[in-house]
Amino acid sequence: MESKYNPAEIEEKWQKTWAEQGLDRTSTDTSKPKFYALSMFPYPSGNLHIGHSRNYAIADVIARLKRMQGYRVLQPMGWDAFGLPAENAAIERGVPPAKWTYENIAHMKKQLGMLGLSIDWSREIATCSPDYYKWTQWIFLQFFQAGLAYQKEAAVNWDPIDQTVLANEQVDNEGKSWRSGAIVERKLLRQWFFKITAYAEELLKDLEQLTGWPDRVKLMQANWIGKSVGAYLEFPIVGSEEKIGVFTTRPDTVYGVTYVVLAPEHPLTKKVTKSKQKAAVEKFIKEVSAQSEIERTAEDKPKRGIPTGGQAINPFTGQKIPIWIADYVLYEYGTGAVMGVPAHDVRDFQFANQNQLPIQVVIVPPENVETFHEKPLQEAYTEPGTIVNSDRFDGMASVEAKGAIVQYAEEKGWGKARIQYRLRDWLISRQRYWGVPIPIIHCPNCGAVPVPEADLPVKLPEDVEFSGRGASPLAKLDRWVNVACPSCGTAAKRETDTMDTFIDSSWYFLRYPDANNDRQAFDPAKTNDWMPVDQYVGGIEHAILHLLYSRFFTKALRDRGLLNFDEPFKRLLTQGMVQATAYKNPVTGKYFPPESVDRSNPLDPDTGEALKVFYEKMSKSKYNGIPPEEVVGKYGADTGRMFVLFQAPPEKDLEWDDAGVEGQFRFLNRVWRMAVEFVEQPSAQKPEKSKTRSPLPPLKRGDSPLSKIEKDLRRAIHTAIKEITEDLEGEYQFNTAVAELMKLSNAMGEANCKDSPVYAEGIYTLVLLLAPFAPHIADELWHRLGNTESVHIQAWPKFEPEALIAEEITLVIQIMGKTKGTIQVPSQTTKEEQEKLARESELARRFIEGKEIKKAIVVPEKLVNFVIIP
RNA sequence: GCUCCUGUAGCCCAACUGGAAGAAGGCGGUCGUCUCAAAAACGACAGGUUGUGAGUUCAAAUCUCACCAGGAGUACCA
């Protein structure tokens with residue numbers, strides 16, 4: 001038997017053994033409680049780097065812990081396999097997308113295998129497989145029948161690089177595409193949408209139940225949904241039957257409205273414009289529409305507007321007020337028109353001042369009702385206050401006036417209460433090839449007709465050409481496009497758009513519990529049994545996108561009677577990125593591979609300029625991605641796992657550090673040596689062999705009571721069990737859990753009782769506690785200790801409370817909050833006894849002699865603080 | 001601009017619900033043991049105003065306020 005720790009050998013051996021024994025298969029023993037551990041499935045880009053593995057290592061530790069704790073655990077894996085890179089590979093290199101994708105999957109699956117993850121591969125799914133996307137199409141049809149999928153013409157985000165439209169969620173705050181980084185353009189197109197807005201209120205409200213989610217993710221979703229409570233009010237147009245509807249959150253300011261503004265795109269613009277203004281208005285609209293979205297909404301840009309010459313009536317005051325159009329009013333939000341209250345809105349104030357529009361104060365600060373009018377307003381007063389100049393509402397508090405004015409408006413028929421959301425419907429069609437075909441046939445007689453269920457899947461044709469230009473390859477494929485209408489038989493055409501790939505990932509977690517079902521998307525009984533996901537692990541970048549869409553899908557499918565729960569992910573852990581050193585020329589922006597530069601003096605090999613050295617997210621383009629093979633080959637997967645778990649708390653970014661990796665390797669070596677020496681030592685107290693799932697194999701204990709050394713070691717052992725279990729069950733502090741493992745190993749090394757059964761208990765416990773983190777070495781050592789079954793099916797150790805009790809404890813003595821020293825006192829004494837012992841101690845007496853003690857503060861088992869009168 | 005997070009030794013990071021100026025663990029550093037030497041291993045050590053300033057408290061890294069620095073989200077949403 002080799003006595004040196006050889007990770008390459010044992011890792012391969014155990015991975016093979018586990019596979020043969022089916023150790024990673026999902027248990028079907030329903031007498032056990034279930035635990036569904038899920039990592040966000042990867043896009044098969046071709047290569048895994050060590051950054052990805054952090055995600056899987058975290059989920060794997062949790063899955064392995066839960067298995068040892070007696071749960072039946074589902075930890076599946078799959079591939080988010082549709083998407084543009086495959087298509088780009090086809091355009092650039094002529095490789096068919098399917099071939100490219102499946103080859104990448106094969107390679108990445110091998111890489112994942114090296115990490116020793118306890119994944120049930122019998123449930124593997126790939127979203128690009130017809131077995132899977134058949135059901136994506138089926139779900140689309142469910143949505144279509146429920147009125148949740150519809151077509152409309154809308155101004156949409158067009159990505160000029162990827163040649164497709166994008167959903168709002170997929171455009172960042174700089175107006176750039178999430179994928180290509182291109183500035184998106186506005187286009188008016190007829191597209192497919194999912195009616196996610198129908199669930200706006202529930203998506204917002206149910207965030208409250210997600211107590212296992214990080215607050216910031218919930219906050220981001222709440223902001224994205226953007227609920228505003230206010231009123232819809234109508235302003236009749238002078239000389240017309242029509243009215244301008246506006247949404248406002250400040251109905252309490254309606255008596256201060258001095259003008260109304262329409263968005264330039266607003267259809268009423270043409271009707272209200274007087275002939276004198278026509279030319280100027282048209283010119284203005286042309287200028288605005290020529291601007292890009294970002295130009296138009298730039299922060300420091302002055303608000304530009306122009307009068308239409310038309311007038312409206314403020315029904316509350318009966319006054320005639322001018323109608324303007326301005327670029328700061330967004331057509332897409334609310335009604336595309338706003339009421340102007342310059343006295344009480346920052347933007348309106350700025351706009352009114354620029355354009356010499358009147359300002360009417362209707363709310364004043366409650367403390368200076370009398371004097372507020374004496375000076376002209378310097379800025380908008382947006383705080384609550386007392387209502388003035390508002391007829392019957394004068395003197396009312398503005399917060400109360402909100403409701404009163406809305407009620408009054410309802411009585412008079414001028415408007416009503418309204419809740420407005422920022423969330424828009426989800427644009428789901430994409431003008432690309434490598435995605436799920438939308439199962440719709442457009443018939444000249446019947447309109448949009450769903451493909452009958454029996455004809456699913458609508459397969460993606462494989463013999464297509466990729467030019468990379470113009471319309472999607474599907475649109476050019478006549479023999480695929482032309483089809484008879486399923487309803488009336490007339491010559492009709494297939495929908496040639498494919499679905500947003502975020503649809504594929506909005507339900508994959510529902511498929512895993514029943515991944516090989518060829519008759520249903522999933523058997524509701526199985527999915528309802530396993531769902532919701534107990535622990536979901538993934539990147540923060542999906543805080544809105546994937547996580548919001550999945551919540552929407554869950555609720556929509558629940559309402560179709562397919563699911564019996566409201567939320568898909570009970571607990572969410574958003575892990576930080578793994579960063580590595582990147583070398584960049586700050587002038588040219590070019591990155592260099594670390595091996596091409598001198599690390600002590602990094603210079604650009606081409607120009608000789610000094611390079612900037614910094615940590616950045618691992619990526620191919622920055623030459624700083626570390627392939628798992630490199631780490632696994634050098635130190636083994638166990639070391640790699642230990643490092644990413646230890647180096648930083650899971651939600652924080654982590655900096656790759658070669659020296660730190662070596663530190664973990666050293667630690668595993670130390671554990672190895674300790675266990676092997678124990679096995680080889682003849683005098684060691686080996687426990688009886690046991691096949692049972694008892695917390696620990698029963699130890700042979702002598703009759704003699706434990707020595708102090710043994711008691712101290714035992715306390716260290718059980719403290720480690722307690723701390724590590726808490727770290728893994730509560731807030732997921734893998735970094736401190738690993739530190740506890742190290743502490744235990746240090747305590748073992750120092751303990752001078754290698755022949756004691758307590759030492760044996762320590763060895764066994766250390767290996768068991770190590771198992772979720774470093775599964776290979778743990779199983780190898782477990783077997784070397786004489787066990788015949790895997791460490792991973794053993795019961796997780798439980799700490800014994802009495803083992804934690806120390807005989808003596810240290811009490812801190814403070815005088816006026818200043819520490820003066822410590823005394824040793826017996827443990828398990830009362831607060832009063834502790835105070836008495838402290839008071840009588842020589843240490844305290846030195847300070848309190850002859851002084852009056854005002855009071856003594858006792859923190860049990862910790863300190864006694866005397867407050868004295870000097 | 002608004003909202004949120006972070007700020008502890010050369011570096012990464014601990015510190016339970018406020019409770020020791022002995023702050024866990026790791027990396028790096030220094031010194032020693034071992035060795036012909038080195039690596040590995042083992043042992044020992046290393047003066048840090050807990051970003052700054054104020055406040056609350058018997059007691060503050062921990063609570064409050066202001067400021068500084070870094071990061072994230074969001075941005076004319078009416």
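In the text below, chain A, chain B and the rest are named by the order of the sequence lines, each starting its count at 1.
- Remark: Tyr732(A) pairs with Phe734(A) by the ring pair (Phe, Tyr, Trp, His ring centres under 6.0 Å) rule, at least two apart or across chains.
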Every protein N/O lying under 3.5 Å from an N/O of nucleotides 9-13 of chain B:
unit_1 : atom_1 : unit_2    : atom_2 : d
C12(B) : O2'    : Gln647(A) : O      : 2.7
C12(B) : O2'    : Gln647(A) : NE2    : 3.2
C13(B) : O3'    : Asn735(A) : ND2    : 3.4

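- The residue Gly334(A) sits apart from the nucleic acid: no heavy atom pair falls under 4.0 Å.
- Using a 4.0 Å cut-off between charged nitrogen and carboxylate oxygen, Lys836(A) and Glu832(A) do not count as a salt-bridge pair.
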At a cut-off of 3.5 Å, list every protein nitrogen or oxygen paired with a nitrogen or oxygen from nucleotides 42-49 of chain B, distance to 0.1 Å.
unit_1 : atom_1 : unit_2    : atom_2 : d
C42(B) : OP1    : Arg670(A) : NE     : 3.1

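- Contacts of Glu662(A) with the nucleic acid, taken as non-hydrogen atoms under 4.0 Å apart, are absent.
- Salt bridge status for Glu677(A) with Lys754(A): absent, with no side-chain N to carboxylate O gap under 4.0 Å.
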Mind listing the N/O atom pairs, protein and nucleotides 57-59 of chain B, below 3.5 Å?
unit_1 : atom_1 : unit_2    : atom_2 : d
C58(B) : O2'    : Met816(A) : O      : 3.4
C58(B) : O2'    : Gly817(A) : N      : 3.4
C58(B) : O2     : Asn865(A) : ND2    : 2.1

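- The residue Lys862(A) sits close to a base: some heavy atom pair falls under 4.0 Å.
- Nucleotide A20(B) has no partner under the Watson-Crick or G-U criteria, as no pair reaches both atom distances under 3.5 Å.
- Shown here, A61(B) forms no base pair; nothing in the strands shown gives a Watson-Crick or G-U wobble contact with both key distances under 3.5 Å.
- Electrostatic pairing of Arg839(A) and Glu835(A) counts as a salt bridge here, judged by a charged N lying under 4.0 Å from a carboxylate O.
- Minimum interatomic distance between Ala352(A) and Ile359(A) (heavy atoms only, all atoms of both residues): CB-CG1, 4.3 Å.
- The partner of U3(B) is A72(B), judged by Watson-Crick or G-U wobble contacts that both fall below 3.5 Å.
- Comparing A46(B) with G7(B), their C1' atoms sit 24 Å apart, to the nearest whole Å.
- Residue Arg216(A) is in sugar-phosphate contact alone, with no base atom involved, counting any heavy-atom pair closer than 4.0 Å across all strands shown.
- Using cut-offs of 30° and 60° for the angle between ring planes, the Tyr759(A) and Phe678(A) rings count as tilted.
- A donor-acceptor pair under 3.5 Å is formed between the side chain of Gln834(A) and the backbone N or O of Thr829(A).
- Of the nucleotides present, A66(B) is the one that pairs with U52(B) by Watson-Crick or G-U wobble criteria, both distances under 3.5 Å.
- Counting only residues at least two apart or in different chains, side-chain hydrogen bond (donor to acceptor under 3.5 Å, both in side chains) contacts with residues 244-257 of chain A comprise Arg250(A)-Asp252(A).
- Between A15(B) and G48(B), the distance separating the two C1' atoms is 15 Å to the nearest Å.
- For Tyr549(A), the ring pair (Phe, Tyr, Trp, His ring centres under 6.0 Å) partners at least two apart in sequence or on another chain are Trp426(A), Phe502(A).
- Pairing of A41(B), defined by two Watson-Crick or G-U wobble distances under 3.5 Å, is identified with U33(B).
- Taking 4.0 Å as the cut-off between side-chain N and carboxylate O, Glu740(A) and Lys743(A) count as a salt-bridged pair.
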